[in-house]
Amino acid sequence: MQIFSALIIMTVAYGLLILSVFPDKYLRKISHFNHHGRAPEHLKISLSTPLFLSFLGGYSLASFMLYFFVV
């Protein structure tokens with residue numbers, strides 16, 4: 001239970017750290033893959049992809065840290 005809670009806390013911490021490192025203009029560029037004039041306006045400001053990628057990186061970093069340094 002301690003390892004699971006440490007994984008959750010470290011995932012959130014590292015995910016937010018990764019998210020805070022990148023400027024907003026770069027996050028908006030990777031938030032939609034079809035960047036052209038005919039794209040709807042809500043797709044141009046969607047930040048779901050950067051959030052997913054930052055928390056995926058945070059989870060990977062947290063699991064690496066727990067596997068090699070704690071367990």
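Just the heavy atoms: all of them, side chains too, but no hydrogens, waters or symmetry mates, feed the values below.
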Inset, instruction - Would you sort out whether Met65 and Tyr14 count as a side-chain contact (heavy atoms from CB on, under 4.5 Å), showing the intermediate values? - result: CA-CA 11 Å; Met65 295 287 281; Tyr14 288 138; 3.7 Å; yes
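Ile9 and Leu66 fall into different hydrophobic clusters, where Ile, Leu, Val, Met, Phe, Trp and Tyr side chains are chained together by heavy-atom contacts under 4.5 Å.
The OG atom of Ser54 lies 15.5 Å from the OH atom of Tyr59; values are rounded to the nearest 0.5 Å. How far CG of Leu16 is from CG of Leu51: 9.0 Å, rounded to the nearest 0.5 Å.
Members clustered with Phe4: Ile8, by chain and number, using a 4.5 Å side-chain heavy-atom cutoff among hydrophobic residues.
The heavy-atom pair separating Gly57 from Ile18 by the smallest distance is C-CD1, 3.7 Å.
In Phe55, the CZ atom is crowded: over 12 heavy atoms of neighbouring residues, nucleotides or ligands sit closer than 6.0 Å.
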